[in-house]
Amino acid sequence: MSTTIYHHATVFTSERDHRTAEAFAVTDGVFSAVGTPAEVRAAVGAQQGSSQKAEDAGIAEVDLGGAFVAPGIIDSHTHLTTFGESIGKVQLRDCNDLDDLRGRLVAAHRADPGAPRVLGAGWLFDTVGEEHPTAAMLDEVLPDVPVYLDANDLHSVWVNSAALAELGIDAHSPDPVGGEIARDADGEATGMLYETAGRQYAGDFLEKASTPDDHVRHLENAFRAYVESGVTGATDMALNEADVAAIRSLIARDGRLPFPITGHVILEPGSSPEQDLAGIENIVALRESVGESDDAPWFRIAGVKFIMDGVIDARTATMREPYANGANCKPIWSAERIRPVAAAADAAGLQIAMHAIGDRTSEMALEVLEHCAAEGTQSPRRHRIEHLESVTDTTVERMAAIGATASMQPVHCDPAIMDNWMAVLGDERQEQGFPWQKFREAGVPMTLGSDAPTAPHEPLPNLYIALTGGSSLDPSLPPYHPERAFAPDEALTALTAGGAYAGEMEETSGRIRPGLHANFIVLDVDPLEADPAELLENPVHSTFVLGEELYRAR
Ligand SMILES: [Zn+2]
């Protein structure tokens, strides 16, 4: 048995009373005591048997020099392989304008002229201006090599003509259910693939073009970036078969993952209601196969993910009232179509997660969960609604009533990316987005995540936005409705224990509590006391998983 006592620190435990401690002990990868240094030493002594001297019993002591310690962050909404893959793509989030964006693509192509495609990620509609992006805009600089650019929100793909040709998209290609190929008056594709059109045409094509080894490499990139930023747990929000295979082969190769994860398998509307129900059966079988294998300590399939609508920026989120330009958009799943599918998932014990951004969609998601609750014969599960960007007060109250978790991403309302979001709504709704304070006041279970790669994955900038409503990308910008902001202890709890609760991981992680995995981070800045701006200047000092230091800043 080996024990380390860490002392001389402010230890934020994420316990419900938000208490802090000064010391804690880790024994064989698990927290074994928390409290004052005297309490911790006494508890460790009692565990070891009082006859042994500390050195003989293998007890080490580490003086943390007054540092701040918190449970490791749990990113409760992420996309591990796409995040890891996006790290290798041309980064477009901070482009100033269309010329800047095109310049970066051309530079990437010149740097690697033999690459079969130019892949970019993170572009914002604001960058392109008033018009919607077109293939012609890209053809001007890259006419021959296929170009695929994931929108920042991952809900649409912008391609050039060479990519449209490689995908075989022409005037006869149908729009899939829940998606659209942007077209001109003659029906010819103009370069934007929205929602399921992006996933089913471009996504599936690129998926086939990549190898299982590529997937494993993407995963490794994602885990490395996470550990270096203080994340020690995650819920993947849109697993497909290739993702699951990559996760399992990484475990097979290394005997572990850097940290344990859970995930939701995505289910898109099939060609028939029977196919939808078969999709649920497949997920249940996959969950059992993983759960019964040696992968179980590292990877658990929590449930199913339904993408119910799109995003406000592209006007593909379904609103109760139309957008400023008079448009609106149908949800991807109709109420009639999803009800039996969700009920089957619920009855099979799957946790349901529903992407719902528009205020009409979150109402619909709630109707589905209420239907499950009314039909359900099993104990209530921690169903969750993702994003909730524009949401009515009634929806918040109803979520509280059935205990549905609100899973939200402060990085999605960074004021630096809000101009287009506000403009497309264009009325009082643009001032009422992301109402965190209403969820808190209503007592809705909350978890905060990043939704990487749709937004930066680092938790400290995310925490900064949660604490201020300000921009981590450009802190000089005025905050977006700071009255929504979290108190530091509330935000830290939502980033740790909240993620553990939402991902059904609280029996192993999310708090500094005896018996839980010793996953914790050490910071040079105390978020409970410091000016939040310091969070942007002081990266994570070190990250521990199961008591082992996996990362330390140099
Ligand atoms: Zn997501």
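In listed order, ligands and their atoms are each counted from 1. This structure is a prediction, so every number in the text was calculated from the model and none was measured. Heads up: numbering here begins at 1 and tracks the sequence. When reading the values below, keep in mind they use all heavy atoms of this one structure, side chains included, and skip hydrogens, waters and symmetry mates.
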Inset, instruction - Give a yes or no answer on whether the side chain of Arg199 reaches the backbone of Asp204 with a donor-acceptor pair at less than 3.5 Å. - result: no
Legend entry - Vertex the Zn ion (ligand 1), arms to His77 NE2 and His79 NE2, rounded to 10°: 110°
Legend entry - Of all N/O/S atoms in Asp451, the name of the one nearest the Zn ion (ligand 1): OD1
Inset, instruction - Return yes when at least one N/O/S atom of His355 is nearer than 2.8 Å to the Zn ion (ligand 1), and no when none is. - result: no
Inset, instruction - Compute whether any side-chain donor of one residue and acceptor of the other, for Asp75 and Ser450, lie under 3.5 angstrom apart. - result: yes
Legend entry - Cation over ring face, Arg440 and Phe486, 6.0 Å, 45°: yes
Legend entry - Heavy-atom closest pair, residues Val231 and Thr543: O-CG2, 4.4 Å
